[in-house]
Structures are given as structure tokens and as C-alpha cells.
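Have a look at the structure below, then the notes.
Below, chain A is the first sequence line, B the second, and so on; all start at residue 1.
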2 protein chains.
Amino acid sequence: MPHSDGTAPRKTRIQTQNEELILAAALEVFSAYGFRGSTVDQIATKCGLSKPNLLYYFRRKEDIYVALLEHTLTDWLEPLRAMDAEGDPIVELSNYITAKIRMSRDNPKASRLFANEILHGAPAIGTFLKGPLKELVDEKAAVISGWMDSGRLTRIDPHHLIFSIWSTTQHYADFDVQVNAVLGNPPDLMSKAEEAILTLFIEGLKPR
Amino acid sequence: MPHSDGTAPRKTRIQTQNEELILAAALEVFSAYGFRGSTVDQIATKCGLSKPNLLYYFRRKEDIYVALLEHTLTDWLEPLRAMDAEGDPIVELSNYITAKIRMSRDNPKASRLFANEILHGAPAIGTFLKGPLKELVDEKAAVISGWMDSGRLTRIDPHHLIFSIWSTTQHYADFDVQVNAVLGNPPDLMSKAEEAILTLFIEGLKPR
DNA sequence: ACCGCTCTTGACCATCTGATCAAGAATTAA
DNA sequence: TTAATTCTTGATCAGATGGTCAAGAGCGGT
């Protein structure tokens, strides 16, 4: 077992390397088939390790899953954190929306991983949602609310505005298959989507 | 086996009754745990039938799943079908959005069932998406486009507008857990959501 | 009451899958 | 080199799960 004397969990070169391999493979598999739909064998095969070897690094299937979620959660919220109360509302919101939709484009698997987790009741990250996530959202909702108070944005419930941004942007990752079925796999999908979503939110939120 | 002489598949009273029982239970289970995450036993227990008895009506687990999807697909698209090219654009869109968000409120399980299916690549309804769904969406996108041509709506790519409406409304069913975690289970959630979404789309789309 | 058909079920099976373990190979520090 | 530690794996297990089957119970028309 890789070290457990209570102090420093210092990792071997092989250890960090294989853990990265495993998490990368796990993202592929879990995002495609969900937790129950994925097997340890699939993940092991995908990263070229034997099943017992994989279970040497992560003792249980669930440990891989949780590690993977934690590993990507921070990045996932970065764009929202970056929204600056001192900045111009229109610019800040545009940047946020653009950042979110590009995450959908560049890392759809992470989006689908979360979507699946939440869809099934967020058994692994429920406390995170009620804690850190809620705090961050409340904070940023207050910022947006401030912008609306000063008349620089049309008034809308800021929490629901955030939900709307999340849903529209993540839709292109999570419902990828549906979008492409309806649109017939156009090459410039995401830039068109970005344009439409920005128009909807930004033009819609500009005060008249 | 219940009738199979090639002609009329007329059903017994018990047959229709039990099939309904099964589909109702299956919706509960499949929407909560996904296809792979659900077991035939769970469904059987939930509707008070023995597993072999359930498999007498639906020979394979997948048959239940497919039947369930087909059974709800038609209802699901009804609001979009109802959108009338001859009506007033603002009224038609308002009605559509309102209908969609109320479906999210009244039948979140069906929404999660579809979300799960699509998230996993739509193995069971892929052809439906590329066929009937695409046709319907293309038709209604053309209607919306016509409204925009006549200057009664701000110009936005109509397909992406439809996707935005789908995503924002269904978000409240599919990501229910997240929404409630962030908002702390408020009693009037859906009416607030309805108000915010209507404001966003309708105010945003009114030509200036 | 009888008969054919539908319905129900306990027992059972094959397979899949998460997880364990002991033993051997590779790596590292001295 | 050597010894301790880390890493790897074939074999194996226990439980879960989708699906089958034969036999019996129930129902409906005559």
C-alpha cells in the first residue's frame, strides 16, 4: 500500500504518473457510461494497466470516481470566480459566458461527468453543492444584483440568471448528441452557439 | 406468450393494467438510476410483481426502457408542435416556454429519463433524434425565422434559440438537486424560475 | 363443470464485476 | 551488491444481475 504512516503522503514518480493515467482513462469511461455503467476493467484496459494493478492505486471503484470529481471541480468553477464586481457588467458577463461555452467545447467530458453525477442525485458531491458551491454562487449573485441596482443591467433574479447561463452553455456538452442530430454535425457549431447565446443574454440584459 | 399470430395484438385487461404498472415503476427507477444503474428486481419490487412475472410482459430489461421512452416521447414534444406560425410571436414563445417549464415541474422524471438517455449517446432513440425530432425542430425554426424576418423578434439563430429554451427549462428538472442545494429548497422555486426565464427570453427578444 | 388460454412463481443458471491475495518482478536507497 | 520497498499480476472469490423454465394457479368462454 502506498505509504500510510500518518505524516507525509509523498508520492513516487510511478505513482503520480499512473494515477494521472488512471484519472484520464476514468474521465473517458465515467463520462460516457456513468458510474454504474462503467467497469473497472474498462478503465484498466484503457490505460494499459491490469485490474489488480489499478486497484493498487485506488482501492475501490468509487475512490477513482470521487478523486476524478474533486480533481476537476476546482477548474470547473474558475470562470465564475473570475467574475469581478469592479469590472463592467457587460464585459464581465460576456467573458463569463464565453469562458463557459469554451469549456463545453474543450472539455465536454468533464461537463458530462458532472451532469451525470447531479442527474443521479449528486451522491458523491452533495455536500460540496450545499457548501462551497452555494457560497460562491451566493457571492456572485450578490455582485450581479449590485450591478442591477445601479441600473447597468435589466433586473432578473440573479440566481436564476446564473442557472440559465450554466444550462445554455453546458447544454452543448451534455446534450451534444441531440444537438448534432438536429443540426447534422455542422463544422462551426460552437462559434454559432457562442454568438447566439451571447446575443440572447447580453442584448437581453442591456438596460433600455 | 401474449398473442403473436401476426394480426391483432389485442390485450387483456390484466395485460394493459400490468404494463401500465410496470412502466410507471420503470419511470421511477430508470429516471433515478439510469439504464445500467437500474435492476429488473427494483422495478419488479416497486410495482409489486415478481421478477419472472415482469419479464413475462417485457422479455428483456431493454424492452421496458424502450417502451417507456416511446411512451413519453410524443407528449414531450407536444408544446413545440403547438407553436403556431399564425399567432403572435411573443405570445407563442411565452406559451411555449411556460409549457416547457411546467413540464419540468410536473414531470421531472420524464425529463431526467431523456437527459440520461441523451447524455449516454442516445443509444435507444438516436434515429428518432435524427428523424422526427430534427424535422419538427427545423419546421419550427423556420417559423421563428419568419417572425424575425418580419421584424417582430430580435434576430438570433432560431435553432440555438430553441436549444436555449430547452436547456434553461429542463435544467430545473435535470439538475434539480444542484438547484435546490444552491437555493436551499425554497417553496416557490418554479414560479420564480418561470418569471426569470420569461423575462430573459421575452424581454430580450422584443425588438427595440 | 369443463377446457384452453393467460398469468404467476420458485428454483435455477450463466455471466459479469468489484475486490482480494499471495507471489514474483522492478525499483530505489544504502 | 544488497535489502527494503514499491509495483505488478494470475488466479480466485463472492455477490449481483439478467434471463430461463417447468409447473401450477387463475380466468373466461362454452
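Of the possible polar contacts, none joining the A/W76 side chain to the A/S111 backbone as a donor-acceptor pair under 3.5 Å is found. For A/E92 (side chain) and A/D84 (main-chain N/O), a donor-acceptor pair under 3.5 Å exists by modelled atom type. Using modelled atom types, one side-chain atom of A/E117 and one backbone atom of A/A124 make a donor-acceptor pair closer than 3.5 Å.
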A correct 5'-to-3' footprint of nucleotides 9-21 of chain C, with B, S and - meaning base, sugar-phosphate only and no protein heavy atom under 4.0 Å, is BBB-----SBBBB
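Note: CZ (B/R13) to C1' (C/dC7) measures 12 Å, nearest angstrom. With rounding to whole Å, A/E19 atom CD is found 13 Å from D/dT6 atom C1'.
Remark: B/Q15 is in phosphate contact with C/dC7, judged by side-chain N or O atoms under 4.0 Å from OP1 or OP2. A close approach under 4.0 Å does not occur between any side-chain nitrogen or oxygen of A/N18 and OP1 or OP2 of D/dT6.
A salt bridge is defined here as a Lys NZ or Arg NE, NH1 or NH2 lying under 4.0 Å from an Asp or Glu carboxylate O, and B/D106 with B/R102 fails to meet this definition.
The environment of OH in B/Y33 is sparse: at most 12 heavy-atom neighbours from other residues, nucleotides or ligands sit within 6.0 Å.
Note: B/F35 and B/Y65 have tilted aromatic rings, judged against thresholds of 30 and 60 degrees for the angle between ring planes.
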